[in-house]
Amino acid sequence: MDYVDLRSDTVTHPTPEMREAMAKAVVGDDVYGEDPTVNRLQEMAAAMVGQEAGLFVPSGTMGNLTAILAHCGRGDEIIVGKRAHTFLYEAGGVSALGGVHSNQIMEQPDGSLALEDIQAAIRADDVHQPVTRLICLENTHNRCGGTFQTPAYTRRVCDFAHERGLKVHLDGARLFNAATAQGVPARDLTEGVDSVTFCLSKGLCAPVGSVLCGSREFIARARRIRKQLGGGMRQVGVLAAAGIVALEKMVGRLGEDHARARRLAEGLRAIRGLVLDEGTPATNMVFLSLAEEVPFTAREVAEKMKSLGVLVGVVGERRFRLVTHYWVDDEGVEKAIEAFQEALA
Ligand SMILES: *Cc1c(COP(=O)(O)O)cnc(C)c1O
C-alpha cells in the first residue's frame, strides 16, 4: 500500500535524477580529500551559506556534534534551547562524547532565544563555574513548530556573542525552509555565524547526509573530529552526488511544500475535534491537537488513519505533527484531510 507519509520529511526517498547522478558519480578517497564529487558538494554548500569551507557528514547529529566539539573543550559550556534538537534528540552526545556541559534556556514560542536569557546564562569568570563558549541556535525550529528566525535576529545574536568572546553555531537542518518562507537567500540567515549545519536528506530528498560549514581553519579542525567520531568516509561521492542534485534542484521547490502545508492546515481547521496551533504552519510542519471532547488518544487516531492509508506523527498524548515534503502531492493532502475526518467521525 502506498501511504501518504506525513510523519516527517526524513522519509523522503531520493529522486530518479539523484539515483542517476549517484550511479554516474566520479569518486575518490575522501579521507585523502580526493573525492571530486564530495569536494564539489562542499564548495557549493559553503558558497550557499556564505562560509569559506564545508564538510560532508553522515547525519545532522554528527554535524552538530562535530561542530560543538570543534568549538569547545571538555568542561566548556554551551547555551542551548530546552527544546533544541541538539539538547533533546542527539542522545546527549556533546556531554557523553565531548565532556561538554550544556546550559539549557527556554525558547520564546517562536523558537528564538531571548538576548536577556542568553545574557543571564553566561557564566562568571569564577573557578566554580564552567566556561561559556558557544551559543547554539536552530532555524527552522523543529519542536517550536517549524518556526523560522529572521536574518536580523541571527545577526543580533552573533553580534551579541562576538562582543562577549563567544561563538555561534546554527543548527540549520531545515535552513532552506527558513529561507524559502522569508524569500531570502540562505546566506542571509547565516551571516555572522561561526558554523552552520544543514540537512540534505530531509525536504531536499538526498538519501543521506548533512554539510557542516565554517571558516577554513574551523573546518580543518572539524575534519579531524569527524575522523575521531568514525565519520571519515571513503568513496562517498556516490552520496555527495545526490546532495548536489538536492542543492541544485530541490531548494527552489520547497515553497510547494509550504503551500501544501497551508492547504492541509486549512482543511484540518474545518474539522470538528481538531485544534490547530496558532500560526501553524510557519513552513512545512502543521502542529495540532485533539479537542477535549474527542474520546480517542492521538495514537488511536493515528492507527485508524494508518488503516486509511495516511501516516501521521504523534508527538504527545493528544498531539500530532504533520510534515509535507516532495513525496506528498495535492491529492495526498486531500486524502489526509479526509482520513482525519473519517478517523474522528
Ligand atoms: C533532523 C534534525 C537534525 C539532524 O538529525 P539527523 O537525523 O541526525 O540527520 C538536527 N537538527 C534538527 C533541528 C533536525 O530537525
Side-chain angles (χ1 to χ4, degrees), residues 5-14 41 45 49 54-69 78 80-94 96-97 102 104 107 110-113 134-149 154 168-181 186 189-190 193 195-213 222 225-226 229-231 233 236 239-240 242-243 246 250 254 257 261 281-287 313 315 321-326:
D5 196 344
L6 294 162
R7 290 172 301 166
S8 177
D9 47 10
T10 56
V11 303
T12 49
H13 291 190
L41 170 67
V49 294
L55 187 68
F56 187 51
V57 288
S59 67
T61 297
M62 192 187 284
N64 288 331
L65 176 59
T66 300
I68 291 168
L69 301 194
I78 61 170
V80 61
K82 270 190 197 301
R83 292 175 290 183
H85 192 279
T86 296
F87 178 62
L88 288 178
Y89 303 125
E90 296 177 11
V94 299
L97 305 173
S102 67
Q104 312 110 39
E107 291 92 349
D110 70 355
S112 64
L113 302 178
L134 180 69
I135 298 168
C136 297
L137 300 179
E138 185 172 315
N139 197 9
T140 64
H141 200 294
N142 183 355
R143 267 297 294 275
C144 289
T147 47
F148 55 80
Q149 308 309 322
T154 309
V168 176
H169 171 67
L170 174 61
D171 176 357
R174 296 186 182 82
L175 181 71
F176 294 105
N177 292 91
T180 299
L189 295 170
T190 55
V193 304
S195 57
V196 52
T197 47
F198 65 81
C199 191
L200 299 164
S201 163
K202 288 183 170 158
L204 301 185
C205 292
V208 178
S210 282
V211 190
L212 167 62
C213 297
I225 291 163
R226 183 187 67 173
L229 296 174
M233 300 175 285
V236 72
L239 295 178
M250 305 305 280
L254 290 174
D257 299 339
T283 51
N284 66 332
M285 296 180 184
V286 179
F287 281 82
V315 294
R321 184 187 75 162
L322 313 176
V323 188
T324 54
H325 52 75
Y326 182 77

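Indexing begins at 1, ligand by ligand and atom by atom, following the structure's order. We're numbering straight along the sequence, starting at 1.
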Minimum heavy-atom distance I78-V94, with the two atoms named: CD1-CG2, 4.3 Å
Where I68 and C136 come nearest, the two heavy atoms and their spacing: CD1-SG, 4.1 Å
Among protein heavy atoms, which lies nearest [atom], and at what distance?
atom: atom 13 (C) of ligand 1; value: E138 OE2, 3.2 Å
atom: atom 15 (O) of ligand 1; value: K202 NZ, 2.7 Å
atom: atom 5 (O) of ligand 1; value: H85 CE1, 3.7 Å

Mode of T10 contact toward ligand 1 - side chain, backbone, both, neither (heavy atoms, under 4.0 Å): neither
All ring pair (Phe, Tyr, Trp, His ring centres under 6.0 Å) counterparts of F56, not counting sequence neighbours: none
Proximity winner for atom 11 (N) of ligand 1, if only heavy atoms of D171, L88, T86 are counted: D171
Working for side-chain hydrogen bond (donor to acceptor under 3.5 Å, both in side chains), residues N64 and T197: CA-CA 7 Å; N64 288 331; T197 47; 2.8 Å; yes
Run the numbers for me: atoms of ligand 1, each under 4.0 Å from some heavy atom of [X], listed by number.
X: G60; value: 4 (C), 6 (P), 8 (O), 9 (O)
X: S59; value: 8 (O), 9 (O)
X: N142; value: 15 (O)

T190 side, atom OG1; L137 side, atom CG - distance, nearest 0.5 Å: 12.0 Å
Distance in Å, S210 OG paired with D171 CG, rounded so as to fall on 0.5 Å steps: 8.5 Å
The single option from V11, T10, T12 passing side chain to side chain contact (heavy atoms under 4.5 Å, CB included) against D5: V11
Nitrogen or oxygen atoms of T61 and ligand 1 under 3.5 Å apart: yes
Proximity flag M62 to ligand 1, non-hydrogen atoms under 4.0 Å: no
